[in-house]
Amino acid sequence: MLVTERERLREELVKLADKYGRDRSGLMSILEEVQRRHFYISEYCMQVIADLLDLHPVEVHSVVSFYSFLNERPQGQFVIRLCRTVSCQMFGKEQLARQLENDLGIRFGETTPDGKFSLHWANCLGMCDQGPALLVNDLVFTEITPEKVHGILQQCRELFGVHATTGGRKVEQVTARTETGPLTFDSVELGAGLAAALAKSPREVLAEIDAAKLRGRGGAGFPTSMKWRMAVEADDEKKYVVCNADEGEPGTFKDRVILADYADLVFEGMTIAAGVIGARRGIVYLRAEYTYLRKHLEEVLGRRRGEGLLGTSVGGRKGFDFDISIHMGAGAYVCGEETALIESLEGQRGEPRNRPPFPIDTGFMGHPTIVNNVETFAWVVCILAKGAQWFKETGTAKSTGSKLFSVSGDCRRPGVYEFPLGITVAQLLEEVGGEDAKAVQVGGASGQCVPAEQFRRTIAFEDVPTGGSVIVFGPKRDMLEVAENFLEFFIDESCGQCTPCREGVPKLIDGVRKLKKGQCSMSYLKELCSLGETLQLASKCGLGQAAPNALLSIAEHFQDEILGRTRAAV
Ligand code: SF4
């Protein structure tokens with residue numbers, strides 16, 4: 001590189017570092033912009049960024065190497081990411097993968113010699129109801145067929161050069177789509193929840209959420225009021241409200257729909273939370289796969305600022321100052337875990353922290369932080385607008401209210417649905433047209449596989465819990481292929497920090513591949529399950545603890561199908 005080019009690049013990086021306050025918490029944003037402009041982050045860039053942020057270059061490199069959307073090697077102007085998770089696999093992802101490789105003349109992980117295209121796998125693009133799906137840079141393409149692949153590549157080739165200096169962005173936009181009818185969210189007048197909250201004291205708002213018994217809609221089901229109360233009681237001037245918009249669980253896409261169609265509710269819920277705990281700053285952690293939603297979200301935020309619903313004296317209440325910014329993820333499922341998400345917000349690798357301390361004590365930048373799911377914030381608004389009693393009238397005693405479900409797989413009507421918690425698996429299948437299913441994976445890769453003989457079980461925190469993912473498997477599906485797909489996902493997404501997860505999950509997949517070949521005895525299957533149980537106990541965070549779940553439930557409920565292969569192979 002010529003000295004003048006280096007000087008120019010340094011100047012550009014200085015401006016970027018200044019834009020983000022030369023603070024480490026701006027590191028991810030700086031890296032994301034460099035990647036976008038230059039198609040990779042060179043060693044020189046890493047050195048300069050480290051210098052400007054007062055870090056060691058190794059620290060910057062460790063962050064770049066952690067996230068799948070950041071690259072140390074030059075990428076093509078069009079980065080194609082084909083979704084490989086189970087719903088897309090069920091509808092022809094393998095055939096499309098081979099076709100992409102043939103058309104481009106490269107393998108996955110490679111870049112064409114002319115620098116036009118790079119080809120990568122993606123772990124769940126959140127388009128499971130419209131799979132197979134792929135991303136071209138930031139734009140999502142759904143219901144991909146071989147013909148569509150040709151068309152997309154052709155459009156990219158035609159645009160190459162025109163957009164070469166701006167990063168070759170726009171090819172085609174497929175808007176978010178849902179099969180759902182009206183949701184409860186449609187019946188809430190915008191601003192009604194915040195107005196009701198502003199008419200109450202923070203203590204009264206908290207009491208309303210408490211009375212509704214709202215539990216987090218991200219999957220863990222932690223009582224929302226309990227989390228908020230701990231933040232209220234925390235003795236600190238600075239507190240934060242974080243919206244976890246990093247839904248990456250295979251089969252989950254309801255947050256995509258909420259963000260696309262009900263963003264006001266999410267921001268209103270965050271504002272109500274800020275009023276309760278006394279926060280002045282909110283952050284939406286948006287997964288990189290949903291970058292195409294960012295513009296819309298920024299526009300909604302801008303409008304809300306103009307309406308006095310963000311900024312100083314929110315809603316006319318003197319002293320209530322609160323604003324929200326969007327922080328982009330960079331392709332790491334583990335960042336959906338709240339402590340990993342906070343690490344990522346601080347410009348670190350998204351590695352889960354040891355707990356305690358919990359984010360509620362020591363969260364973002366060491367201050368009390370509540371982290372709630374996108375859907376949870378939207379329900380907060382409904383509860384304030386319609387009352388705790390109204391909310392409790394739906395659901396069960398321990399799982400109050402309704403919930404959004406992302407339904408995909410072998411059913412006639414995939415999409416986003418609202419159902420009361422406590423619905424049985426059989427009732428859900430009837431609604432979505434999946435009555436002949438042999439099994440349903442509830443809760444995504446980390447959830448449970450419910451076999452047909454258990455379809456009377458209820459989807460609720462006290463029985464089969466879920467963050468919203470429901471994947472339907474028809475009578476002809478091979479359940480070991482399902483288990484293999486989920487384990488591949490966990491191997492790819494493991495942060496590698498602890499041994500049980502890093503070493504154990506690859507052992508599980510080796511075992512599943514042996515099972516697939518019919519090289520299995522009952523004692524081998526038991527050993528494999530025992531290893532899975534060890535991982536559940538010994539892994540550091542939810543990712544490793546949940547990684548064996550699908551295999552264990554498939555081994556339990558489909559033992560005959562698995563051992564039948566052995567008999568067939570003999
Ligand atoms: Fe990382 Fe897996 Fe350990 Fe979680 S369980 S800390 S993802 S290695």
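Read the numbers this way: they start at 1 and go in the same order the structure lists the ligands and their atoms.
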Closest approach of any protein heavy atom to atom 4 (Fe) of ligand 1, naming residue and atom: Cys541 SG, 2.3 Å
Per-atom contacts, ligand 1 versus Lys540 - under 4.0 Å to a heavy atom: 3 (Fe), 5 (S), 6 (S)
For atom 3 (Fe) of ligand 1, the protein heavy atom that lies nearest, with its residue and separation: Cys498 SG, 2.3 Å
Pi-cation contact, Tyr290 with Arg287 (under 6.0 Å, within 45°): yes
Interfacing atoms of ligand 1 (cut-off 4.0 Å, heavy-atom, Cys495): 1 (Fe), 6 (S), 7 (S), 8 (S)
Proximal atoms of ligand 1 relative to Ser494 (non-hydrogen, under 4.0 Å): 2 (Fe), 8 (S)
side-chain contact (heavy atoms from CB on, under 4.5 Å) evaluation trace for Glu32 with Met28: CA-CA 6 Å; Glu32 194 250 333; Met28 293 276 293; over 6 Å; no
Numbering as shown, the atoms of ligand 1 that approach Ser539 to under 4.0 Å (heavy-atom distance): 5 (S)
Sub-4.0 Å atoms of ligand 1 with respect to non-hydrogen atoms of Gly544: 5 (S)
Test applied, side-chain contact (heavy atoms from CB on, under 4.5 Å); reference residue, Arg217; option that passes from Thr466, Leu404, Leu421: Leu421
Salt bridge (charged side-chain N to carboxylate O under 4.0 Å, His left out) evaluation trace for Arg98 with Glu101: CA-CA 5 Å; Arg98 299 294 80 79; Glu101 286 183 331; 3.1 Å; yes
Geometric class of the Trp121/Phe108 ring pair [parallel <30°, tilted 30-60°, perpendicular >60°]: parallel
For Gly496, the ligand 1 atoms whose distance to one of its heavy atoms is below 4.0 Å: 1 (Fe), 8 (S)
Residue Cys501, metal atom 2 (Fe) of ligand 1, N/O/S under 2.8 Å: yes
